[in-house]
Amino acid sequence: VTVGTESPGGPAGSEPALFRRFPALRERLARVELGAGPTPVQPLTLPGGERFWVKRDDRSAPGYGGNKVRKLEFLLGEARRIGARRLITVGAAGSHHALATALYGRHAGFEVTLVLFPQPLTPHVREVLLADQALGAELRWARRMEAIPGAALLARLSHRRDRPMMIPAGGSSPIGSLGYVSAGLELAEQVVAGDLPVPHVIHLAAGTMGTAAGLAIGLALADLPTRIHAIRIASRLVTNERNLHRLVVGTSGILAAAGIPLPTPGALLDRIELSHGAIGAGYGQPTAEGRAAAATLRDHLALDATYTAKAAGAALQRIASAREECHLFWHTLSEAEPEISGAAPRDELPRALRRYLSGDDIPLDPSV
Ligand SMILES: Cc1ncc(COP(=O)(O)O)c(C=O)c1O
């Protein structure tokens with residue numbers, strides 16, 4: 001694999017493309033700045049000669065990047081605006097969203113509660129969990145994904161004095177998805193600047209789908225014809241057309257209320273193809289195609305088994321079968337490990353969590 005020249009990233013502190021395009025939103029939308037401005041785009045050429053572009057959201061923030069940063073800028077802004085003192089969110093044991101919420105939420109002065117459920121335990125999952133704890137987040141454990149709503153409600157009731165703000169899984173509320181509306185506009189600015197051609201299709205890992213939903217809206221606002229290939233890596237209970245529709249409608253609604261004209265939800269959804277063939281045995285279960293993609297791209301992109309390796313596997317298949325098109329792989333995994341120096345665990349790990357880490361927990365049904 002050979003790598004071409006990367007476009008310059010933006011200067012630290014630059015405002016989101018959404019505000020540049022619609023200045024009136026600066027007053028309407030609260031934001032806590034976390035990112036380092038536009039992330040670079042970079043061409044890669046595979047051994048067979050196929051070329052594709054990478055959007056380096058793995059470098060979306062100087063410390064800990066990935067696709068949670070853009071969402072959290074707006075989510076933390078909203079939490080401050082409504083006077084919340086605690087953030088409560090949910091996810092799988094190795095959730096990058098939970099970790100990013102602990103990291104950036106604590107840094108911004110919030111208490112953070114994470115309600116987590118088991119997934120296949122890997123060294124990466126273990127590291128994420130221990131980082132959550134070291135960052136001073138309160139950790140609560142639900143034995144199965146289905147128990148999450150009840151456990152989250154309990155957390156909310158027991159912390160009601162802190163005026164907690166609930167953040168849905170993956171940070172994929174309409175407000176969180178605005179971060180990816182902005183990212184779609186940012187990509188369009190890079191096209192206009194000549195950093196890359198107009199992509200025919202963007203390939204990305206899809207879980208709670210705030211990334212895909214926001215991007216579809218941002219690309220439409222920018223009048224780009226680019227389509228989105230959203231590669232499902234989580235259960236159909238989470239990653240499905242109905243939830244995607246709801247998210248597109250909710251996110252569009254925020255913009256429409258600010259007087260920004262948008263295509264209909266149906267037209268926005270037409271841009272997104274949700275594909276189901278890459279998940280293999282289930283969420284967090286590695287696949288042969290994912291391993292092969294990670295090996296192919298090893299020298300240039302670090303991929304994880306749960307999200308980005310599976311997405312890259314599906315992307316590389318498409319790239320091989322539609323060589324003439326311009327493909328872009330949106331890299332959603334942080335390049336850097338979070339910095340947690342100075343932070344000290346506040347509480348002991350709950351017993352159920354220690355049991356999970358020791359491998360004695362009931363294994364997750366791989367069909368979920
Ligand atoms: C590395 C990575 N890629 C992709 C995703 C999926 O993004 P979304 O939940 O917005 O679909 C996630 C989060 O769940 C993630 O951590």
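Everything numeric in this text was worked out from a predicted model, so none of it was measured. One is the number of the first residue; the rest follow in order along the sequence. As the structure lists them, so they are numbered: ligands from 1, and atoms in each ligand from 1.
The two atoms that bring Asp162 and Arg86 nearest to each other are OD2-NE, 2.8 Å, heavy atoms only. Pairing each heavy atom of Ile272 with each of Ala212, the nearest pair is CD1-O, 3.9 Å.
Residue contacts with ligand 1 for Asn67 involve side-chain atoms from C-beta outward but no N, CA, C or O (heavy atoms, distance under 4.0 Å).
At least one donor-acceptor pair closer than 3.5 Å links the side chain of Arg160 to the backbone N or O of Leu157.
Between Glu111 and His159, the side chains place no donor N or O within less than 3.5 Å of an acceptor N or O (distance only, hydrogens not considered).
In this structure, His97 does not count as a contact residue of ligand 1, since none of its heavy atoms falls inside 4.0 Å of the ligand.
Atom 13 (C) of ligand 1 has its closest protein heavy atom at Lys68 NZ, 2.5 Å. Nearest to atom 3 (N) of ligand 1 among the protein's heavy atoms is Thr332 OG1, 2.6 Å.
Atoms of ligand 1 lying under 4.0 Å from any heavy atom of His96, numbered from 1 in the order shown and given with element: 1 (C), 15 (C), 16 (O). Every atom of ligand 1 with a heavy atom of Thr211 under 4.0 Å away is listed here by number and element: 7 (O), 8 (P), 10 (O). Applying the 4.0 Å criterion to heavy atoms of Lys71 picks out, from ligand 1, the atoms 8 (P), 9 (O), 10 (O). For ligand 1, the atoms lying closer than 4.0 Å to a non-hydrogen atom of Thr208 are 8 (P), 9 (O), 10 (O), 11 (O). Against a heavy-atom cut-off of under 4.0 Å, Leu333 is close to the following atoms of ligand 1: 1 (C).
Checking only distances, Ala206 never comes within under 3.5 Å of ligand 1, N or O to N or O. Remark: ligand 1 and Gly207 share an N or O pair separated by less than 3.5 Å (distance only, no angle test).
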- side chain to side chain donor-acceptor pair (under 3.5 Å) between Arg31 and Ser182, intermediate numbers included: CA-CA 12 Å; Arg31 170 179 172 253; Ser182 192; over 6 Å; no
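Separation of the His124 and His96 ring centroids falls under the 6.0 Å cut-off. Taking the six-membered ring for Trp, His331 and Phe329 have ring centres closer than 6.0 Å.
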